[in-house]
Amino acid sequence: MSSLNIEIRPITPPDVPAIASLAREIWQASYPGIITQEQIDFMLEQRYGHERLYDDLEDLHKWLFQALCEGRRVGFAFAEIWKGEFKLDKLYIHPDVQRRGVGGQLIAHVAELARKQGYPCVVLQVNKRNVKAINSYMKYGFTVRETMVDDIGRGYVMDDFVMEKKL
């Protein structure tokens, strides 16, 4: 499969409903078998509720990007300053176009933003059981730095690797 011609644009308020919908579609394709449906629903509401996304857009320490292919929204990436580091907080690609370079282009976009701001690396968290994502991040130069278990409420935890890519 060849790489796609991708346009990366900032997410704006009118894009919020479509981003929330795309997140749900991607999560439903990606997370069953890794976390429960109840945790999927909880985390989608917690992270992709419209109000949360509008708040994220107004936060000067967060950057939200979408990837479009021939006008179709196919993925997105959020970055933020987290504990003094530049974090790739979200990276999701529609299953139809995974493994075609969309994620790599979004990672490169975020890494360039981090580099311009003087950060030595980009960090991210990924579920330890999400082998497909872990392998993809390794392909783009990320290495596992540490493990982290984070209580996110309602009895749910994120059991993650923290990975980093040196710039």
Side-chain angles (χ1 to χ4, degrees), residues 3-13 15-16 18-20 22-23 26-27 30-31 34-35 43-44 46-69 73-94 97-153 157-167:
S3 288
L4 298 173
N5 184 18
I6 296 299
E7 177 192 1
I8 297 174
R9 288 199 315 234
I11 293 171
T12 61
D15 299 316
V16 162
I19 292 296
L22 181 60
I26 294 168
W27 277 55
S30 304
Y31 284 111
I34 295 176
I35 57 177
M43 291 181 73
L44 280 168
Q46 190 184 58
R47 284 138 209 263
Y48 299 99
H50 292 192
E51 290 310 311
R52 168 68 187 267
L53 291 173
Y54 289 125
D55 288 347
D56 285 348
L57 285 173
E58 291 180 19
D59 188 327
L60 296 177
H61 297 105
K62 293 185 180 183
W63 297 266
L64 287 66
F65 302 104
Q66 57 190 327
L68 294 105
C69 178
R73 192 175 283 102
V74 294
F76 59 89
F78 293 9
E80 66 180 4
I81 306 304
W82 177 74
K83 297 183 179 180
E85 294 190 287
F86 204 92
K87 181 179 184 185
L88 174 59
D89 185 49
K90 297 171 177 62
L91 177 69
Y92 290 101
I93 311 303
H94 193 281
V97 297
Q98 286 176 359
R99 306 187 63 77
R100 296 190 59 196
V102 179
Q105 289 182 56
L106 283 164
I107 288 169
H109 191 81
V110 167
E112 183 56 27
L113 181 61
R115 190 179 294 109
K116 282 181 179 166
Q117 297 206 16
Y119 288 90
C121 67
V122 173
V123 299
L124 61 80
Q125 282 177 248
V126 59
N127 185 295
K128 289 177 190 168
R129 296 175 62 198
N130 193 345
V131 176
K132 241 169 87 174
I134 292 164
N135 290 339
S136 183
Y137 291 133
M138 290 179 128
K139 182 174 112 181
Y140 289 109
F142 284 87
T143 57
V144 174
R145 181 167 85 186
E146 62 187 304
T147 61
M148 174 185 246
V149 177
D150 202 8
D151 184 334
I152 58 169
V157 296
M158 292 191 329
D159 188 13
D160 291 348
F161 286 124
V162 176
M163 298 182 80
E164 76 175 5
K165 174 185 177 73
K166 300 220 182 294
L167 302 177

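Residue numbers count from 1 along this sequence.
- Note on ring orientation: taking the six-membered ring where Trp is involved, the planes of Phe78 and Phe76 are tilted (angle from 30° to 60°).
- Contact check for Glu164 versus Thr143: side-chain heavy atoms found under the 4.5 Å cut-off.
- Scanning all heavy atoms of the two residues, the minimum distance from Leu106 to Gly75 falls at CD1-C, 4.3 Å.
- Taking a cutoff of 4.0 Å between a charged side-chain nitrogen and a carboxylate oxygen, Asp15 and Arg73 qualify as a salt bridge.
- Side-chain N or O atoms of Glu80 include none that pairs as donor or acceptor with a backbone N or O of Asp59 at under 3.5 Å.
- Applying the ring pair (Phe, Tyr, Trp, His ring centres under 6.0 Å) rule to Phe161 yields no partners; only residues at least two apart in sequence or on another chain are considered.
- Not counting sequence neighbours, Arg47 has no partner by the side-chain hydrogen bond (donor to acceptor under 3.5 Å, both in side chains) test.
- For residues 110-135, every residue pair satisfying the ring-ring contact (aromatic ring centres under 6.0 Å, His included) rule, not counting sequence neighbours, is listed here: Phe86-Tyr119.
- Every residue meeting the ring pair (Phe, Tyr, Trp, His ring centres under 6.0 Å) condition with Tyr137, not counting sequence neighbours, appears here in chain and number order: Phe142.
- Taking every heavy atom of both residues into account, Leu22 and Val74 meet most closely at CD2-C, 4.2 Å.
- Taken from CG in Leu88 to CD in Gln125, the straight-line distance is 11.0 Å, to the nearest 0.5 Å.
- Taking the salt bridge (Lys or Arg N to Asp or Glu O under 4.0 Å) definition, one finds that Glu146 meets it with nothing, sequence neighbours left out.
- At a threshold of 4.5 Å between non-hydrogen side-chain atoms, the residues Asn127 and Ile35 count as touching.
- In this structure the side chain of Met43 reaches within 4.5 angstrom of the side chain of Trp27, judged on heavy atoms.
- Each salt bridge (charged side-chain N to carboxylate O under 4.0 Å, His left out) pair with one or both residues in residues 106-118, not counting sequence neighbours, appears once here: Glu112-Arg115.
- Here the closest heavy-atom approach between residue Ile6 and residue Cys69 is recorded as CD1-CB, 3.8 Å.
- The backbone N or O of Gln46 lies less than 3.5 Å from a partner atom in the side chain of Arg52, making a donor-acceptor pair.
- In this structure Asp160 satisfies the salt bridge (Lys or Arg N to Asp or Glu O under 4.0 Å) test with no other residue, sequence neighbours excluded.
- Among all heavy-atom pairs drawn from Leu124 and Lys87, the shortest one is CA-CG, 4.4 Å.
- For the atom pair Asp56 CG and Asp89 CG, the distance stands at 8.0 Å (nearest 0.5 Å).
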Given the rule in the side chain to side chain contact (heavy atoms under 4.5 Å, CB included) test, do Val123 and Trp82 qualify, once you have shown the distances and angles that lead to the verdict? CA-CA 9 Å; Val123 299; Trp82 177 74; 4.1 Å; yes
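- Atoms SG and CE, on Cys121 and Met163 in that order, are 12.5 Å from each other to the nearest 0.5 Å.
- Residues Met148 and Met158 form no side-chain contact, since every pair of their non-hydrogen atoms from C-beta on lies 4.5 Å or further apart.
- Partners of Pro120 according to the side chain to side chain contact (heavy atoms under 4.5 Å, CB included) rule, which considers only residues two or more places apart in sequence or in another chain, do not exist here.
- In this structure, Ala114 and Leu167 approach most closely via the heavy-atom pair CB-CD1, 3.7 Å.
- Looking at residues two or more places apart in sequence or on another chain, you find a ring pair (Phe, Tyr, Trp, His ring centres under 6.0 Å) between His109 and Phe65.
- Residue pairs meeting the salt bridge (charged side-chain N to carboxylate O under 4.0 Å, His left out) criterion with at least one partner in residues 127-141, sequence neighbours excluded, are Lys128-Asp159.
- The side-chain hydrogen bond (donor to acceptor under 3.5 Å, both in side chains) search around Gln105 returns none, not counting sequence neighbours.
- The shortest heavy-atom contact between Val157 and Asp151 is CG1-CA, 4.0 Å.
- Between the side chain of Gln98 and the main chain of Ile93, a donor-acceptor pair closer than 3.5 Å is present.
- Rounded to the nearest 0.5 angstrom, Tyr140 OH and Ile107 CD1 are separated by 6.5 Å.
- Looking at residues two or more places apart in sequence or on another chain, you find a side chain to side chain contact (heavy atoms under 4.5 Å, CB included) between Leu68 and Arg9, Gln66.
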